[in-house]
Amino acid sequence: MDEDEEKLRIMRKAFAMCDTTKSGYIETTKIASILNTIGQVFDDEELQELIEEVDVDESGRVDFDGFCQIVSNFLEEEDAEAMTAELKEAFRLYDKEGNGYITTAVLREILAALDDALKPEDLDGIIAEIDTDGSGTVDFDEFMEMMTGE
């Protein structure tokens with residue numbers, strides 16, 4: 001899989017996580033959280049300008065193409081290895097004891113912070129999908145799969 005396909009997959013996954021109603025749109029206010037979650041450094045003003053360019057009708061939401069148009073500006077210098085390293089770092093921050101896993105309760109907090117429109121039942125569905133063995137914990141591989149679809 002080449003780097004562009006990899007980026008597209010990551011963006012599709014991030015978009016889908018925030019488009020919980022499956023409307024095909026996400027709130028533009030969620031884009032900064034998505035970039036933060038994947039450890040992407042960005043300039044707030046630059047992000048705002050890009051959002052204004054894409055969200056011409058000022059609806060406060062964008063479709064997947066618009067989302068890609070905005071986010072790809074920040075992902076260009078990023079390669080898949082660096083993305084993995086950043087996700088590992090994010091995981092490590094939540095895995096405070098260094099056990100190699102986080103609890104699904106912690107994962108629920110991360111997801112809720114990413115998207116405040118997620119209802120408890122949405123979170124339950126996402127958690128059930130990720131914690132396939134029902135252990136109540138999520139290891140890095142499961143976390144990585146959730147974040148990148150790998």
Side-chain angles (χ1 to χ4, degrees), residues 1-96 101-131 138-150:
M1 182 183 310
D2 73 11
E3 205 171 302
D4 288 341
E5 286 176 39
E6 176 72 8
K7 283 181 198 159
L8 194 62
R9 226 171 31 67
I10 289 169
M11 288 193 289
R12 201 179 309 281
K13 192 81 176 173
F15 185 87
M17 280 176 64
C18 289
D19 180 21
T20 52
T21 60
K22 307 289 177 257
S23 67
Y25 290 91
I26 63 167
E27 308 296 312
T28 53
T29 52
K30 301 249 163 62
I31 297 173
S33 314
I34 292 170
L35 289 170
N36 280 327
T37 303
I38 61 174
Q40 193 60 53
V41 178
F42 63 94
D43 178 74
D44 287 321
E45 283 175 33
E46 187 185 351
L47 177 60
Q48 210 42 58
E49 286 168 22
L50 288 164
I51 288 172
E52 286 165 19
E53 275 173 39
V54 174
D55 183 20
V56 282
D57 61 356
E58 297 179 2
S59 64
R61 43 189 230 147
V62 292
D63 62 9
F64 182 67
D65 290 340
F67 172 72
C68 286
Q69 221 175 311
I70 295 166
V71 174
S72 63
N73 285 283
F74 301 103
L75 290 179
E76 277 165 22
E77 312 86 54
E78 207 58 33
D79 64 4
E81 259 177 55
M83 179 77 72
T84 301
E86 284 161 355
L87 285 171
K88 265 194 173 101
E89 181 59 25
F91 185 83
R92 207 178 53 71
L93 289 173
Y94 290 105
D95 178 19
K96 290 178 179 56
Y101 62 83
I102 56 175
T103 64
T104 49
V106 169
L107 182 62
R108 179 182 288 270
E109 287 170 33
I110 298 169
L111 294 170
L114 266 179
D115 187 350
D116 50 16
L118 283 172
K119 296 177 192 66
E121 55 272 17
D122 297 329
L123 290 168
D124 291 341
I126 294 169
I127 303 267
E129 216 172 280
I130 297 159
D131 183 22
V138 176
D139 64 21
F140 179 70
D141 291 337
E142 290 170 314
F143 179 73
M144 189 71 188
E145 187 178 315
M146 174 193 83
M147 296 307 278
T148 65
E150 282 181 5

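Just so you know, these numbers come straight off a predicted model, no measurement behind them.
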Assess whether atom [atom1] of [X] is packed by more than 12 heavy atoms of other residues, nucleotides or ligands within 6.0 Å.
{"X": "E58", "atom1": "CD", "value": "no"}
{"X": "E129", "atom1": "CD", "value": "no"}
{"X": "F42", "atom1": "CZ", "value": "yes"}

What is the minimum heavy-atom distance between [X] and [Y], and which atoms define it?
{"X": "I127", "Y": "R108", "result": "CD1-N, 3.8 Å"}
{"X": "A112", "Y": "L123", "result": "N-CD2, 4.1 Å"}
{"X": "K22", "Y": "A16", "result": "NZ-O, 4.0 Å"}
{"X": "G24", "Y": "D19", "result": "N-OD2, 2.8 Å"}
{"X": "V54", "Y": "G66", "result": "CG1-CA, 3.4 Å"}
{"X": "V138", "Y": "F143", "result": "CG1-N, 3.6 Å"}

Who passes side-chain hydrogen bond (donor to acceptor under 3.5 Å, both in side chains) against D55, sequence neighbours left out?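 If we apply the side-chain hydrogen bond (donor to acceptor under 3.5 Å, both in side chains) test to D55, skipping adjacent residues, the hits are S59.
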I'd like to check the ring pair (Phe, Tyr, Trp, His ring centres under 6.0 Å) partners of F15; sequence neighbours left out, ordered by chain and number.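 Testing F15 for ring pair (Phe, Tyr, Trp, His ring centres under 6.0 Å), a comparison that skips the adjacent residues, returns F64, F67.
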Find the distance between [atom1] ([X]) and [atom2] ([Y]) and round it off to the nearest 0.5 Å.
{"X": "I34", "Y": "T29", "atom1": "CD1", "atom2": "OG1", "result": "9.5 Å"}
{"X": "D139", "Y": "I130", "atom1": "CG", "atom2": "CD1", "result": "11.5 Å"}
{"X": "K13", "Y": "C18", "atom1": "NZ", "atom2": "SG", "result": "12.5 Å"}
{"X": "L35", "Y": "D43", "atom1": "CG", "atom2": "CG", "result": "11.5 Å"}
{"X": "N36", "Y": "I31", "atom1": "CG", "atom2": "CD1", "result": "12.5 Å"}
{"X": "F91", "Y": "M144", "atom1": "CZ", "atom2": "CE", "result": "11.5 Å"}

L118/I126 under side-chain contact (heavy atoms from CB on, under 4.5 Å): CA gap, chis, key distance, verdict: CA-CA 10 Å; L118 283 172; I126 294 169; 4.0 Å; yes
Heavy atoms, side chains only, cut-off 4.5 Å: are [X] and [Y] in contact?
{"X": "I51", "Y": "V62", "answer": "no"}
{"X": "F140", "Y": "I102", "answer": "no"}
{"X": "Q48", "Y": "D44", "answer": "no"}

Just to verify, what does R92 make a salt bridge (Lys or Arg N to Asp or Glu O under 4.0 Å) with, not counting sequence neighbours? E89
When you measure from the side chain of T104 to the backbone N and O of L107, does any donor-acceptor pair fall under 3.5 Å?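 Flag not set: sc T104 to bb L107 has no pair under 3.5 Å.
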Yes or no on salt bridge (Lys or Arg N to Asp or Glu O under 4.0 Å) for K119 and D124, after CA distance, side-chain angles and deciding distance? CA-CA 9 Å; K119 296 177 192 66; D124 291 341; over 6 Å; no
